[in-house]
Amino acid sequence: MIVLAWIPYKRYNTPMIISKQSELDKLYATLKGFDYITVDTEFLRDKTYYPKLCLIQMAGPDTLPAAVDPLAEGLDLSPVFDLLANEKITKVFHAARQDIEIFYNLTGEVPKSLIDTQVAAMVCGFGDQIGYNNLVQEICKKHIDKGAQFTDWSRRPLSNKQLTYALDDVTHLRDVYHYLVKELGERANWVMEEVAVLTSPSTYQNPPEDAWRRIKLRTEKPKVLAVLREIAAWREKEAQRRDVPRNRVIRDETLADMAVHAPETEEELAQIRGFGADNARGKWGKELLAAIHKGLNTPKEECPYIPRKERFPQDKQPALEIVKMLLRVQAARHGVAAKLIAAGDDLEALVLGETDISVLKGWRYEVFGQSAQALLSGKLSMKLKDGEVVFEGL
């Protein structure tokens with residue numbers, strides 16, 4: 001067993017936080033020898049565009065957990081990044097997306113060899129997107145005090161309560177991981193298929209030209225959408241440049257009004273609700289008027305559009321209900337959360353005969369898609385026998 005070189009925090013009333021390079025280097029030397037480590041972060045993003053990393057928690061299989069302070073002056077986080085990039089070490093997260101986003105923003109890379117226990121729990125039948133606290137209660141029979149969850153993690157010093165809460169998130173995660181790996185068995189490959197989305201850099205990229213999709217606007221007019229695309233892209237770049245939330249630049253409803261009315265002069269721009277005359281006369285006004293002009297002059301064939309979803313055919317509704325029933329049966333049989341197998345749109349597409357859908361690929365096809373196609377083609381039937389659903393056909 002590798003023994004940590006720093007003071008075990010549980011021997012003291014005050015949990016320890018790593019803020020010196022020598023301590024972090026010792027942590028790295030310890031953790032790099034394990035086949036897996038558990039990882040979590042605490043962060044803030046209410047005042048910034050990019051999440052502000054405030055704490056990194058890590059633990060090895062048989063070590064005390066460690067809290068690394070990324071806000072400590074002069075602390076080089078390269079040892080942490082090296083651990084995350086090491087393909088020989090499995091990084092265990094729970095609900096990893098926001099944690100991965102933070103590391104991607106800092107390094108331009110996603111952690112390698114990653115597993116998300118929230119996804120693994122769904123594959124093991126723990127329901128849709130189960131929270132960490134509930135999972136710990138289910139598996140470890142322990143309760144986590146969440147009183148420090150919504151505190152200001154950027155303030156120093158952190159309290160004992162904050163650090164204990166933070167370190168609990170990687171302590172019990174080890175037992176959760178061991179339990180889920182045992183339960184998964186051959187289904188571990190299913191989890192890896194899902195994690196592939198989490199570890200794709202494209203998941204964490206925010207192209208400004210796609211920012212318009214975030215804004216709710218009840219129109220399908222090409223020119224309105226073209227203007228919205230240009231001004232939303234301007235706001236996205238400005239928010240990124242200043243590192244502030246989008247709505248600190250211009251609120252969504254103001255952008256929506258601007259897209260609909262498409263002002264072409266400072267006077268017209270000043271009349272947009274929530275913008276004002278000072279902004280209209282300033283640098284922002286000039287830049288936004290240029291963006292609006294670009295949107296208005298976009299050729300129709302290059303304008304964005306919102307695909308209209310056709311109403312699901314009424315005569316197909318009975319088939320959809322039968323497929324939903326099959327999904328519930330198969331999810332229960334395989335011990336997988338039904339929502340992980342297929343969403344409502346997937347089921348409708350399946351009934352309508354579409355083939356390029358997730359339920360007809362990978363593990364989903366084996367668990368559900370194959371039997372669903374057989375059911376819809378009349379090659380499979382379901383009936384009750386002694387209170388249980390049985391299949392006939394395949």
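Just the heavy atoms: all of them, side chains too, but no hydrogens, waters or symmetry mates, feed the values below. By convention here, the first residue in the shown sequence is residue 1.
- In this structure, the side chain of Glu42 does not engage the main chain of Leu53 through any donor-acceptor pair within 3.5 Å.
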(Q) The test is side-chain contact (heavy atoms from CB on, under 4.5 Å); show your working for Val227 and Leu296 and say whether it passes. (A) CA-CA 6 Å; Val227 171; Leu296 290 172; 3.8 Å; yes
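- Closest non-hydrogen pair, Leu217 versus Val260, comes out as CD1-CG2, 3.8 Å.
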Q) Given the rule in the side-chain contact (heavy atoms from CB on, under 4.5 Å) test, do Val249 and Trp284 qualify, once you have shown the distances and angles that lead to the verdict? A) CA-CA 10 Å; Val249 180; Trp284 281 10; 3.7 Å; yes
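- A side-chain donor from one of Tyr49 and Glu236 sits under 3.5 Å from a side-chain acceptor of the other.
- Heavy-atom contacts from other residues, nucleotides or ligands closer than 6.0 Å to CD of Glu186 number 12 or fewer.
- Both cation-pi conditions hold for Arg333 and Phe391: the charged atom is under 6.0 angstrom from the six-membered ring centre and inside a 45 degree cone around its axis.
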Q) Would Ser113 and Glu87 count as a side-chain hydrogen bond (donor to acceptor under 3.5 Å, both in side chains) if you check the C-alpha gap in whole Å, the side-chain angles of each, and the deciding distance to 0.1 Å? A) CA-CA 5 Å; Ser113 304; Glu87 295 185 1; 5.6 Å; no
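- Side chain of Arg174 to main chain of Gly60: a donor-acceptor pair is present (N/O by atom type, distance under 3.5 Å, no hydrogens or angles).
- The 12-atom threshold is not exceeded at CG of Asp356, counting heavy atoms of other residues, nucleotides or ligands nearer than 6.0 Å.
- By the 30° and 60° cut-offs, the orientation of the rings of Tyr204 relative to Tyr104 is tilted.
- The two residues Val323 and Leu376 make their nearest non-hydrogen contact at CG2-CD2, 3.7 Å.
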(Q) Let's go through Thr41 and Gln98 carefully: what are the C-alpha distance in whole Å and the side-chain angles of both, what is the deciding distance for side-chain contact (heavy atoms from CB on, under 4.5 Å) to 0.1 Å, and is it a yes or a no? (A) CA-CA 9 Å; Thr41 66; Gln98 292 189 92; over 6 Å; no
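- A salt bridge does not link Asp168 to Lys142: none of the charged nitrogens lies less than 4.0 Å from a carboxylate oxygen.
- A distance-only check finds no donor-acceptor pair linking the side chain of Asp257 to the backbone of Arg273 [under 3.5 Å].
- Side-chain contact, His178 with Tyr36: a donor N or O sits under 3.5 Å from an acceptor N or O.
- Annotation for Ala120 and Val191: closest pair CA-CG2, 3.8 Å, computed over non-hydrogen atoms.
- A salt bridge links Asp69 to Arg156: one of the charged nitrogens lies within less than 4.0 Å of a carboxylate oxygen.
- In this model, a donor atom of one side chain and an acceptor atom of the other lie less than 3.5 Å apart for Trp363 and Glu194.
- A donor-acceptor contact shorter than 3.5 Å is absent between the side chain of Gln271 and the backbone of Glu268.
- Residues Val244 and Tyr50 are members of separate hydrophobic clusters, defined by side-chain heavy-atom contacts under 4.5 angstrom among Ile, Leu, Val, Met, Phe, Trp and Tyr.
- Nearest heavy atoms, Trp212 versus Pro304: CZ2-CB, 3.5 Å.
- When only modelled atom types and interatomic distance are considered, Asn297 and His293 share a side-chain donor-acceptor pair under 3.5 Å.
- Distance alone, capped at 3.5 Å, is enough to place a donor-acceptor pair between the Arg364 side chain and the Leu340 backbone.
- Side-chain contact between Thr117 and Phe93: absent, with no pair of heavy atoms (C-beta onward) separated by less than 4.5 Å.
- A salt bridge links Arg308 to Glu220: at least one charged side-chain nitrogen sits closer than 4.0 Å to a carboxylate oxygen.
- A donor-acceptor pair shorter than 3.5 Å can be found between the side chains of Glu287 and Trp234.
- Under the 4.5 Å side-chain criterion, counting only non-hydrogen atoms from C-beta, Asp346 is not in contact with Leu350.
- Contact annotation: the side chain of Thr203 never approaches that of Leu198 to less than 4.5 Å [non-hydrogen atoms, C-beta and beyond].
- Looking at every heavy atom in both residues, Pro263 comes nearest to Leu269 through CB-N, 3.5 Å.
- Placement of Phe368 and Leu352 within a single hydrophobic cluster is found when ILVMFWY residues are connected by side-chain heavy-atom separations under 4.5 Å, directly or transitively.
- Counting heavy atoms from C-beta on, the side chains of Phe103 and Phe81 come closer than 4.5 Å.
- The distance from the CD atom of Gln162 to the SG atom of Cys54 is 10.0 Å, given to the nearest 0.5 Å.
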Q) Would Asp169 and Gln57 satisfy side-chain hydrogen bond (donor to acceptor under 3.5 Å, both in side chains), going step by step from the backbone distance to the final call? A) CA-CA 8 Å; Asp169 281 351; Gln57 306 96 272; 4.6 Å; no
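- Using a 4.5 Å cut-off on side-chain heavy atoms (C-beta onward), Asp40 and Leu173 make no contact.
- Using modelled atom types and a 3.5 Å distance limit, the side chains of Glu321 and Gln317 yield a donor-acceptor pair.
- Counting all heavy atoms, side chain and backbone alike, Pro65 lies closest to Thr171 at CG-OG1, 3.4 Å.
- The number of heavy atoms from other shown groups lying within 6.0 Å of NZ (Lys223) is above 12.
- Ion pairing between a basic and an acidic side chain is recognised when a charged N comes within 4.0 Å of a carboxylate O; Glu230 and Lys294 show such pairing.
- Taking the side chain as every heavy atom from C-beta outward, Gln373 and Val359 never approach each other to under 4.5 Å.
- Below 30°, between 30° and 60°, or above 60°: for Phe126 and Tyr179 the angle between ring planes is above 60°, a perpendicular geometry.
- Annotation for Arg155: atom CZ does not count as buried by contact number, only 12 or fewer foreign heavy atoms lying within 6.0 Å.
- Lys91 contributes a side-chain N or O that, together with a main-chain N or O of Asn86, makes up a donor-acceptor pair within less than 3.5 Å.
- Not a single donor-acceptor pair under 3.5 Å links the side chain of Thr164 to the backbone N or O of Lys161.
- Every residue meeting the ring-ring contact (aromatic ring centres under 6.0 Å, His included) condition with Tyr132, not counting sequence neighbours, appears here in chain and number order: His94.
- A distance-only check finds a donor-acceptor pair linking the side chain of Arg187 to the backbone of Glu183 [under 3.5 Å].
- Around atom CD of Glu301, more than 12 heavy atoms belonging to other residues, nucleotides or ligands sit under 6.0 Å away.
- Counting only heavy atoms from C-beta outward, the side chains of His334 and Val123 never approach each other to under 4.5 Å.
- Glu238 has no carboxylate O lying under 4.0 Å from a charged side-chain N of Arg235, or vice versa, which leaves the two without a salt bridge.
- Salt-bridge check for Glu101 with Arg45: passed, with a basic side-chain N closer than 4.0 Å to an acidic carboxylate O.
- Within the 4.5 Å cutoff, no side-chain heavy atoms of Thr151 are placed close to those of Tyr165.
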